[in-house]
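Structure first, then comments.
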Amino acid sequence: MLPSHDATTGRTTGSFASPAGAADSSRRRALVTLGALGVGLGTPGLASAATSDDQFSSELASAQNSTDFARLLRLARVPSLSLAVIERGRTRTQSVGVRRSGEPASATADTVYAAASLTKIVASYVILGLVHEKRLDLDAPVHTYLALPDDDAASRAITARHLLSHSGGWRNWRFDATQRLTADFTPGSRWSYSGEGFFFLQRIAEQITGTAFAALARQRVFEPLGMTRSSLAPLPALSALLASGHDGRGRPNPTAENDPASALQQLMSSRGKAMDEARVEDLEAALRTASPTRAVLPVFLTINAAASMLTTANDFARFLQHLVGSSSRSPVSSAIVADMMKPQVRGNEAIQWGLGVGLEEVGTSRCAWQWGDNPGFKNFCWFDPAAGRAMVVFTNGDRGARVYERGVRALTVDDHPGFLWA
């Protein structure tokens with residue numbers, strides 16, 4: 001039997017946030033009052049296999065036009081959204097609104113958004129690649145690869161499998177140096193969301209390969225798939241195309257003080273290296289330079305396998321197309337996707353967790369899913385490898401969950417239990 005979910009574990013808040021919790025239930029109640037939303041998808045996004053999409057096009061044509069999206073954005077005080085839908089080998093995109101409130105630049109399928117925890121899907125793909133290369137053992141205690149942050153007895157049993165499925169027992173994030181990172185329960189016995197676990201896997205991957213994790217993502221995912229506007233590092237070229245994050249009242253988030261990204265850029269430039277070649281020790285050095293009094297903890301570091309990816313609807317659609325397009329995947333890639341879809345820990349009757357993704361039962365299908373919840377950016381994606389279907393929605397406002405839930409529902413027959421997960 002699969003372990004059960006501990007209902008007492010919930011969300012934590014901070015620079016990188018975790019699952020939608022009680023606050024999102026009020027968002028869902030407010031959504032009900034907004035009325036039906038239809039979606040009209042525009043021009044095709046990515047080049048794809050020449051498969052019939054007559055039914056797909058008919059379904060999209062039956063939805064209301066994108067004016068309803070504009071209305072929903074106004075009511076939710078979210079400046080923009082950008083989405084992509086993949087079905088039958090075809091990708092279509094739709095973007096509505098502006099990159100920054102009060103400014104004219106429109107959002108497009110090539111606008112860069114902070115992906116937040118959607119980063120974890122890419123990170124899991126990289127980690128599972130190392131597993132299939134037999135460079136990392138899913139079931140070996142992680143302390144055999146790298147010293148634990150706090151060497152408590154329970155944590156010594158934690159494996160990469162536990163960390164990928166959020167069942168290792170570690171908290172989501174530490175925010176001050178007095179907080180220890182110890183297992184709150186027997187690893188594998190419960191589910192509890194942990195960004196710290198993904199960052200520890202980042203450290204292990206760098207230890208194993210001798211390569212910065214952001215560079216691994218570039219080499220193994222972004223470059224092979226042609227994702228030219230994606231990175232785990234805040235590259236200057238991407239920052240210029242970035243949608244601004246906004247608070248719940250639709251106001252642009254203030255520029256962060258003592259941002260370590262600038263210090264990291266200077267550090268790597270002085271070495272003649274790109275930002276995505278920065279390893280954990282470089283990230284820590286940049287943080288010390290930018291903010292000497294701040295605790296040097298993963299949640300404050302610029303590049304983070306749990307939540308730092310920048311990407312676009314077009315780019316992320318390429319990744320989703322790879323995950324659900326079985327005919328175009330290599331045997332190793334297909335094995336990685338199969339591993340992701342294997343249940344590891346149960347949350348409730350409809351929700352389980354696989355290796356790096358949530359799993360939900362939607363009708364007769366099993367879909368993988370993940371939300372993203374960073375300040376000013378709320379995102380959601382799901383994918384069904386068996387059916388060759390997927391969708392992603394990016395928004396740049398703190399009330400974006402109100403938008404993406406309605407957007408996903410507008411283009412899917414069944415509701416997604418992931419919306420109700422806390």
Side-chain angles (χ1 to χ4, degrees), residues 2-21 116-117 119-121 123-124 126-128 131 136-208 213 280 283-284 295-301 303-308 344-347 351-358 370-374 421-422:
L2 291 167
S4 61
H5 166 59
D6 181 0
T8 64
T9 61
R11 67 178 293 175
T12 60
T13 57
S15 297
F16 303 118
S18 64
S117 285
T119 307
K120 292 181 175 72
I121 309 177
S124 299
V126 172
I127 294 297
L128 289 171
V131 171
L136 174 65
D137 186 338
L138 267 180
D139 296 308
V142 292
H143 74 81
T144 62
Y145 294 97
L146 199 65
L148 297 171
D150 291 287
D151 196 10
D152 61 298
S155 291
R156 292 184 66 80
I158 293 175
T159 66
R161 185 185 302 276
H162 295 141
L163 297 183
L164 286 171
S165 60
H166 299 285
S167 60
W170 283 348
R171 68 175 70 223
N172 191 22
W173 296 112
R174 293 166 292 167
F175 294 97
D176 67 66
T178 66
Q179 293 177 306
R180 299 183 66 208
L181 188 61
T182 56
D184 294 333
F185 50 80
T186 301
S189 66
R190 304 177 190 173
W191 182 94
S192 183
Y193 203 68
S194 178
E196 292 273 4
F198 269 75
F199 192 84
F200 197 74
L201 289 172
Q202 174 177 339
R203 290 182 183 272
I204 290 175
E206 292 188 354
Q207 175 80 5
I208 290 172
F213 195 80
V280 170
L283 308 178
E284 293 175 339
V296 181
L297 294 170
V299 71
F300 301 124
L301 299 182
I303 297 172
N304 194 311
S308 72
Q344 306 294 320
V345 60
R346 178 168 291 282
I351 297 292
Q352 301 178 80
W353 223 267
L355 293 177
V357 293
Q370 176 69 51
W371 23 214
D373 185 357
N374 277 12
W421 181 247

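These numbers come from a predicted model, not from an experiment.
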Requested in this report: Kindly compute the distance separating OG1 (Thr119) from CD (Gln202), expressed to the nearest 0.5 Å.
Outcome: 10.5 Å
Requested in this report: Look up atom NZ in Lys120 and atom CG in Leu164, then write down how far apart they are to the nearest 0.5 Å.
Outcome: 11.5 Å
Query raised in the report: What's the shortest heavy-atom distance between Asn172 and Gly195, and which atoms?
Result: OD1-N, 2.8 Å
Query - Atom pair CG (Leu283) and CD1 (Ile303), whose distance is rounded to the nearest 0.5 Å - result: 5.0 Å
Query raised in the report: After noting the C-alpha distance and the side-chain angles of Arg161 and Leu355, does the key distance pass the side-chain contact (heavy atoms from CB on, under 4.5 Å) rule?
Result: CA-CA 7 Å; Arg161 185 185 302 276; Leu355 293 177; 3.9 Å; yes
Query raised in the report: How about Glu196 and Pro298: do any of their side-chain heavy atoms sit closer than 4.5 Å?
Result: yes
Report task. Might you work through the side-chain contact (heavy atoms from CB on, under 4.5 Å) test for Arg174 and Val299, ending with a clear yes or no? Result -> CA-CA 7 Å; Arg174 293 166 292 167; Val299 71; over 6 Å; no
Report summary line: Value for CG (Leu163) from CD1 (Ile127), rounded to nearest 0.5 Å, stands at 9.5 Å
Report task. Check for a donor-acceptor pair, side chain of Ser155 on one end and backbone N or O of Asp152 on the other, with a separation under 3.5 Å. Result -> no
Query raised in the report: Which atom pair, heavy atoms only, marks the closest approach of Leu201 to Ala160?
Result: CD2-CB, 3.9 Å
Requested in this report: Could you pull out the closest heavy-atom pair between Gly168 and Ala183, with the gap in Å?
Outcome: O-CB, 3.8 Å
Query raised in the report: Can you tell if the side chain of Phe200 reaches within under 4.5 Å of the side chain of Leu148, non-hydrogen atoms only?
Result: yes
Report task. Give a yes or no answer on whether the side chain of Glu206 reaches the backbone of Phe213 with a donor-acceptor pair at less than 3.5 Å. Result -> yes
Report task. Enter the distance from His166:NE2 to Ser194:OG here, rounded to the nearest 0.5 Å. Result -> 7.5 Å
Query raised in the report: Counting N and O atoms only, with roles assigned by atom type, does the side chain of Tyr145 sit under 3.5 Å from a partner on the main chain of Ala205, one being a donor and the other an acceptor?
Result: no
Query raised in the report: Looking at Leu297 and Leu301, what are the two nearest heavy atoms and their distance?
Result: O-CG, 3.5 Å
Query raised in the report: Heavy-atom distance under 4.5 Å between the side chains of Trp191 and Ile351, does that happen here?
Result: no
**Report entry** Test log, rule side-chain contact (heavy atoms from CB on, under 4.5 Å), inputs Trp353 and Ser167
**Finding:** CA-CA 9 Å; Trp353 223 267; Ser167 60; over 6 Å; no
Query - Interatomic spacing from CG in Leu146 to CD1 in Ile208 - rounded to 0.5 Å - result: 9.5 Å
Report summary line: Between Ala123 and Ala305 the two heavy atoms that sit nearest each other are CB-O, 3.4 Å
**Report entry** Test item: Val345 and Arg190 side chains (from C-beta on) under 4.5 Å apart, heavy atoms
**Finding:** no
Query raised in the report: Any idea which heavy atoms bring Ala140 and Thr144 closest together, and the distance?
Result: CB-OG1, 4.2 Å
